[in-house]
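Right, one structure below, let's go through it.
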Amino acid sequence: MLYPIQFAPILKDKIWGGQKLKTVLNKSSHLDNIGESWEISDVEGDTSIVTNGTLKGQNLKQLLETYKGDLIGEKNYKIFGNKFPLLIKFIDAKAHLSIQLHPNDALAAKRHNSFGKTEMWYVMQADTDSNLIVGFNKKVTPETYLKHLEDKTLPEILNFDTVTKGDTYFIEVGRVHAIGAGVLLAEIQQTSDITYRVYDWDRVDDQGNGRELHNDLAIDAIDFEMKDDFRVDYSKSENVSNKMVSCPYFTTHYLPVENETLNKTNTFDSFIIYMCVEGEVVIKTNAFSETIKKGETLLLPASIKTYEITAKKAELLEVYV
């Protein structure tokens, strides 16, 4: 019988990473610059491993091959087969990430045999005056863009947004973006590790080498439109699921729970992922009970139709396909 599943975080050392995944989210690691914690991953070479219950030690790929639609939902299994459709992360940027973008499904399939990478961000904590880069600050032509790239003045045409806890952004494919220094966030995205890095602040590693850039690949993948539709407005009503983002790849709700036991029903024919972004909650099914704290993630298989969520005070992101 399937039950609420937890996985071992896969921690990633990054040139821009910091210590907040350890100090704020209590991830255990000897790494100095932890940039990412991959909470649920089916990326080749980085498959999540179960840490709780009778399936402990099995990986996500094995679960999919065994449980199929019972794990991810019948409609999802017809579309994705033995491939989990989402990659779930926590990210800590001690320094600015590179300015980057992701290809759409068609380009990613053609060039990389991969999904595209539509994603969203939920800011969990931000140092004073920390920002995110999303899109351009004016109408830009490919020629203007390339000139700024050549002159190393790309930041001049980018849109910088100062952010605080709770700010949420939807990042469509092709949109130039970067997480700024001092930001800790939750990221929900398609299962893809395809990133086109276009500018890296002229950084070099210990050997004096810069990271690889992908400008030849990026130029025909960039969305040059000056759209201002990436900030997500959402309700924060207590003890109900408040819709944040709904797109073909995932739906995410904000669920604040305070002094309540919520009786929940899964009507989505999908798995549901809970990311705890504040506090602590107990998620209970007929036969199982699991607790997740801030910085932890849980996968509720699609075959579980009714369950309870109990908390004194907590905030969850609720994600399904």
Open item on the list: If hydrophobic clusters are built by linking Ile, Leu, Val, Met, Phe, Trp and Tyr wherever their side-chain heavy atoms come under 4.5 Å apart, do Ile283 and Leu255 end up in the same one?
Closed with: yes
Task: Short side-chain to backbone donor-acceptor contact, Asn59 and Gln62, under 3.5 Å - done: yes
TODO: Determine, using ring centers only, whether Phe224 and Tyr145 are less than 6.0 Å apart.
DONE: yes
Task: Short side-chain donor-acceptor distance under 3.5 Å, Asp200 and Gln100 - done: no
- [ ] Answer with yes or no after comparing the ring centroid distance for Phe80 and Phe115 against a 6.0 Å cut-off, counting only values under it.
- [x] yes
- [ ] Could you state whether Leu101 and Trp121 fall into the same hydrophobic cluster, counting links through intermediate Ile, Leu, Val, Met, Phe, Trp or Tyr residues with side-chain heavy atoms under 4.5 angstrom apart?
- [x] no
Open item on the list: Give me the atom names and distance for the closest heavy-atom approach of Lys56 to Tyr3.
Closed with: N-OH, 4.1 Å
Task: Under 3.5 Å: donor-acceptor pair, side chain of Asn104, backbone of Leu107 - done: yes
- [ ] Mark yes when over 12 heavy atoms from residues, nucleotides or ligands other than Asn259 sit less than 6.0 Å from its CG; otherwise mark no.
- [x] yes
- [ ] Apply the test salt bridge (Lys or Arg N to Asp or Glu O under 4.0 Å) to residues Glu172 and Lys117: give CA-CA distance (whole Å), side-chain angles for both, the deciding distance (0.1 Å), then the verdict.
- [x] CA-CA 8 Å; Glu172 294 194 68; Lys117 192 172 171 183; over 6 Å; no
Open item on the list: For Asp42, is there any backbone N or O sitting under 3.5 Å from a side-chain donor or acceptor partner on Lys83?
Closed with: yes
Open item on the list: Has His102 got a side-chain atom pairing as donor or acceptor with Gly174's backbone, closer than 3.5 angstrom?
Closed with: no
TODO: Evaluate side chain to side chain contact (heavy atoms under 4.5 Å, CB included) for Met120 paired with Ile171, printing each intermediate quantity in order.
DONE: CA-CA 6 Å; Met120 69 165 282; Ile171 313 295; over 6 Å; no
Task: Derivation of the salt bridge (Lys or Arg N to Asp or Glu O under 4.0 Å) call for Lys165 and Glu278 - done: CA-CA 11 Å; Lys165 181 182 185 295; Glu278 198 64 68; 3.8 Å; yes
Open item on the list: Just by distance, no angles: are the side chains of Tyr77 and Asn82 close enough, under 3.5 Å, to form a donor-acceptor pair?
Closed with: yes
TODO: Please confirm whether the backbone N or O of Gly166 pairs with a side-chain atom of Thr168, one donor and one acceptor, at under 3.5 Å?
DONE: yes
Task: Neighbour count above 12 (heavy atom, 6.0 Å) for Lys152 NZ - done: no
Task: Residues Lys27 and Glu39 bridged, charged N to O under 4.0 Å - done: yes
Open item on the list: Measuring centre to centre across the rings, with the benzene-like ring taken for any Trp, is His177 within less than 6.0 Å of Tyr169?
Closed with: no
- [ ] Using atom types as modelled and distance alone, determine if a side-chain donor or acceptor of Ser37 lies under 3.5 Å from a backbone N or O of Lys89.
- [x] no
TODO: Would you sort out whether Lys61 and Asp46 count as a salt bridge (Lys or Arg N to Asp or Glu O under 4.0 Å), showing the intermediate values?
DONE: CA-CA 11 Å; Lys61 207 169 282 297; Asp46 283 302; over 6 Å; no
TODO: Measure from the ring center of Phe170 to the ring center of Phe230 and say whether it is less than 6.0 Å.
DONE: no
Task: Least distance between heavy atoms, Val173 atom then Pro103 atom - done: CG1-O, 3.3 Å
Open item on the list: We want to know whether Ser235 and Ser237 form a side-chain donor-acceptor pair, criterion being a heavy-atom distance below 3.5 angstrom.
Closed with: yes
Task: Residue pair Thr297, Ile40: steps toward the side chain to side chain contact (heavy atoms under 4.5 Å, CB included) verdict - done: CA-CA 8 Å; Thr297 304; Ile40 302 180; 3.8 Å; yes
Task: CD on Glu36 to CD1 on Ile91, rounded to 0.5 Å - done: 4.5 Å
- [ ] Consider only side-chain heavy atoms of I, L, V, M, F, W and Y, link residues closer than 4.5 Å, and tell whether Ile88 and Val232 are in one cluster.
- [x] yes
Open item on the list: Side-chain heavy atoms nearer than 4.5 Å, only ILVMFWY residues, links allowed to pass through others: does that put Leu86 and Ile5 together?
Closed with: yes
Open item on the list: Ignoring hydrogens, what is the shortest heavy-atom contact between Arg175 and Val134? Give both atom names and the distance.
Closed with: CD-CG1, 3.6 Å
TODO: Any chance you could lay out the ring pair (Phe, Tyr, Trp, His ring centres under 6.0 Å) test for Tyr196 and His112, step after step, and finish with the verdict?
DONE: CA-CA 12 Å; Tyr196 293 164; His112 313 285; 5.7 Å; yes
Task: Lys78 vs Asp269, salt bridge (Lys or Arg N to Asp or Glu O under 4.0 Å): CA-CA, chis, key distance, verdict - done: CA-CA 12 Å; Lys78 282 177 185 166; Asp269 187 21; over 6 Å; no
TODO: May I ask you to decide if Lys294's main-chain N or O and Glu296's side chain share a donor-acceptor pair within less than 3.5 Å?
DONE: no
TODO: Examine the side chains of Glu258 and Asn239 and answer whether a donor and an acceptor come within less than 3.5 Å of each other.
DONE: no
- [ ] Check Met226 against Asn137 and note the closest heavy-atom contact, atom names and distance.
- [x] CE-O, 3.5 Å
Open item on the list: So Tyr307 and Asn286, do their side chains get closer than 4.5 Å, heavy atoms only?
Closed with: no
- [ ] Please check if the side chain of Asp13 supplies one atom and the backbone of Leu31 the other of a donor-acceptor pair under 3.5 Å.
- [x] no
- [ ] To the nearest 0.5 Å, tell me how far Lys138 NZ sits from Leu158 CG.
- [x] 10.5 Å
Task: Distance, nearest 0.5 Å, that separates OG1 of Thr47 from CD of Gln58 - done: 13.0 Å
TODO: Test Leu2 against Tyr67 for side chain to side chain contact (heavy atoms under 4.5 Å, CB included), laying out the working first.
DONE: CA-CA 9 Å; Leu2 285 169; Tyr67 296 102; 3.9 Å; yes
Open item on the list: I want to check a possible cation-pi pair here: Lys12 against Trp38, using under 6.0 Å from ring centre and within 45° of the ring axis as the test.
Closed with: yes
- [ ] Using distance alone, with no hydrogens and no angle criterion, decide if Gln125 and Lys20 have a side-chain donor and acceptor under 3.5 Å apart.
- [x] yes
Open item on the list: Let me check something: do Leu25 and Ile292 share a hydrophobic cluster, defined by ILVMFWY side-chain heavy atoms less than 4.5 Å apart, either directly or through other members?
Closed with: no
- [ ] Kindly compute the distance separating NZ (Lys22) from OG (Ser29), expressed to the nearest 0.5 Å.
- [x] 5.5 Å
Task: SB check Asp167 Arg231 (cutoff 4.0 Å) - done: no
Open item on the list: Looking at Arg197 and Glu212, would you say the former's side chain and the latter's main chain have a donor-acceptor pair under 3.5 Å?
Closed with: yes
TODO: Could you tell me whether Glu74 and Lys68 have a side-chain N and a carboxylate O separated by less than 4.0 Å?
DONE: no
Open item on the list: Using every non-hydrogen atom in the two residues, find where Val198 and Ala218 come nearest and quote the distance to one decimal.
Closed with: CG1-CB, 3.6 Å
- [ ] Drop me the distance from Gln189's CD to Tyr249's OH, to the nearest 0.5 angstrom.
- [x] 13.0 Å
Open item on the list: Distance alone, cut at 3.5 Å: any donor-acceptor contact between the side chains of Glu308 and Thr310?
Closed with: no
- [ ] Look only at the side chain of Thr153 and the backbone of Glu156, and say whether a donor-acceptor pair between them is shorter than 3.5 Å.
- [x] no
Task: Intermediate values then yes/no, side chain to side chain contact (heavy atoms under 4.5 Å, CB included), Glu315 and Tyr254 - done: CA-CA 7 Å; Glu315 297 168 37; Tyr254 172 72; 3.2 Å; yes
Task: Between CG on residue Asp32 and CD1 on residue Ile34, distance to nearest 0.5 Å - done: 8.5 Å
TODO: Grab the two heavy atoms, one from Leu63 and one from Leu71, that are nearest each other, plus how far apart they are.
DONE: CB-CD2, 3.9 Å
